Number of protein chains: 2
Amino acid sequence: MDDKDLRTRIKEVAVAHFNDNGYHGTTIRNIAKDVGCSLPMIYYYYSSKKELFDEIIKKEFFDLVKRQAALSKNDDVIDLYTKFIYGLNHLSDYHRKVYRLGIKVYLTFDGDEELMNLMDEWEKGILPRHREILQPYIQNIPNGEAVVRTLVHLLETMIEKIVVKNHYLPKDEIREEIAIVLQGIARGGLS
Amino acid sequence: MDDKDLRTRIKEVAVAHFNDNGYHGTTIRNIAKDVGCSLPMIYYYYSSKKELFDEIIKKEFFDLVKRQAALSKNDDVIDLYTKFIYGLNHLSDYHRKVYRLGIKVYLTFDGDEELMNLMDEWEKGILPRHREILQPYIQNIPNGEAVVRTLVHLLETMIEKIVVKNHYLPKDEIREEIAIVLQGIARGGLS
DNA sequence: TCGTTTATTTAACGTTCGTTAGTATAGTAC
DNA sequence: GTACTATACTAACGAACGTTAAATAAACGA
């Protein structure tokens with residue numbers, strides 16, 4: 001940990017602090033203390049507290065969710081979503097905190113207007129992405145659009161349970177719930 | 001608004017501030033300014049910032065969710081849940097903010113350990129309550145327990161969308177999604 | 001070896017925070 | 001009318017905040 005460059009270590013510690021105490025509850029002094037450097041070093045690498053926070057959200061968080069969104073479309077659709085959610089259980093501690101922090105900002109916690117707009121753009125892309133994935137399955141069923149919405153809603157709660165609330169969700173429970181929503185449109189479900 | 005007693009008005013303004021800026025981002029001075037009273041009046045009615053925050057969560061929030069949890073069990077089960085979620089669209093501004101603040105604390109935002117424990121207790125009661133409501137319907141189906149879990153997960157996202165994200169969810173969309181999860185166990189579903 | 005850039009420090013600036021001491025006003029009981 | 005209590009204020013305390021100025025140490029090409 002100590003051989004990483006200081007800039008990176010500052011960011012890692014900052015993620016933990018913003019997570020535990022929110023933006024206003026986090027102090028540059030406490031970050032510096034945990035990093036083990038002096039206070040102005042934070043300002044040597046980041047021009048302000050706000051810039052440090054923004055870099056975490058804009059780079060770390062959005063890079064992470066973009067990577068997460070790259071689902072392997074080869075699988076059966078229930079497998080695909082099960083793997084996606086289950087994989088969150090094994091995120092590294094750092095990435096989990098980044099993810100959690102992003103969700104907090106998304107839920108209008110501490111960010112500012114600019115970050116909220118970025119989040120809204122991101123949110124708007126979620127439903128179309130899953131609609132595309134599910135399109136082959138829902139073409140011929142009457143409430144296909146509602147199924148997509150329901151699945152996305154279910155996924156969001158499970159993501160929150162794992163990433164934000166730190167709960168472990170077993171693979172078969174995840175699969176069961178996804179199968180309940182997708183029952184009727186996908187072959188290979190459990191029930 | 002001005003004829004209410006000062007103690008109540010302080011609490012109402014505090015709810016708005018804690019909501020917008022989090023615990024640490026909220027200042028007693030700003031609350032006093034918005035209330036239109038002097039700063040020490042806050043301390044006349046509340047012994048500290050923390051006590052003010054705690055009263056909002058412990059009394060206002062838990063009173064609200066207990067009231068919300070009193071579902072009218074006469075209806076068809078899909079009607080029951082649809083009405084429950086749809087009704088959240090019409091919460092008063094104040095109660096919506098109280099609800100939102102509670103959810104933020106629940107998602108480990110700004111609170112302390114004691115409040116988090118209260119929240120965990122509350123969370124533990126959710127699943128059993130819905131299991132009891134759904135019991136007549138799931139007795140004879142193999143994945144009944146998973147259906148309960150899935151429904152609760154779906155409800156949580158919808159609550160968040162309405163209360164935290166301030167989205168309006170139309171009644172028929174709510175009903176559609178609930179019916180998808182409960183399809184097969186309840187008569188009277190849409191699809 | 002010297003000059004320059006990079007990395008790091010101590011010390012402090014001005015501001016704002018939560019909180020309180022001290023005081024004034026208004027109503028009420030006797 | 002006087003003592004008392006509830007309600008309100010002005011002013012200030014000490015502490016902590018984000019941020020910066022100034023100085024020092026290390027690294028490195030010339």
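Because the structure is predicted, anything quoted here is derived from the model rather than measured. Throughout, protein chains are lettered first and strands after them, A, B, ... in sequence-line order, and every chain is numbered starting at 1.
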Once you round it to whole Å, what is the distance between [atom2] of [N] and [atom1] of [X]?
| X | N | atom1 | atom2 | answer |
| --- | --- | --- | --- | --- |
| B:Arg7 | D:dA8 | CZ | C1' | 17 Å |
| A:Leu6 | D:dA27 | CG | P | 15 Å |
| A:Met41 | D:dT20 | CE | P | 15 Å |
| A:Tyr44 | D:dT24 | OH | P | 18 Å |
| B:Ile42 | D:dT7 | CD1 | P | 15 Å |

Given A:Arg67, A:Arg96, A:Lys11, A:Lys97, the one that forms salt bridge (Lys or Arg N to Asp or Glu O under 4.0 Å) with A:Glu60:
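Passing option: A:Lys11.
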
Parallel, tilted or perpendicular: which fits the ring planes of B:Phe18 and B:Tyr23, with parallel below 30° and perpendicular above 60°?
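If you compare the ring of B:Phe18 with that of B:Tyr23, the planes turn out parallel.
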
So does [X] pair up with [Y], basic N to acidic O under 4.0 Å?
| X | Y | answer |
| --- | --- | --- |
| A:Asp120 | B:Lys165 | yes |
| A:Arg131 | A:Glu145 | yes |
| B:Glu173 | B:Lys161 | no |

What does nucleotides 10-20 of chain C look like as a protein-contact string, B for base, S for sugar-phosphate only, - for none, at under 4.0 angstrom between heavy atoms?
B-B----BBBB

Have a look at A:Tyr45 and say if it touches a base, only the backbone sugar-phosphate, or nothing, with a 4.0 Å heavy-atom cut-off.
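A:Tyr45: backbone/sugar contact only, no base atoms under 4.0 Å.
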
What pairs with B:Leu80 under side chain to side chain contact (heavy atoms under 4.5 Å, CB included), at least two apart in sequence or on another chain?
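Residues passing side chain to side chain contact (heavy atoms under 4.5 Å, CB included) with B:Leu80: B:Leu71, B:Asp75.
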
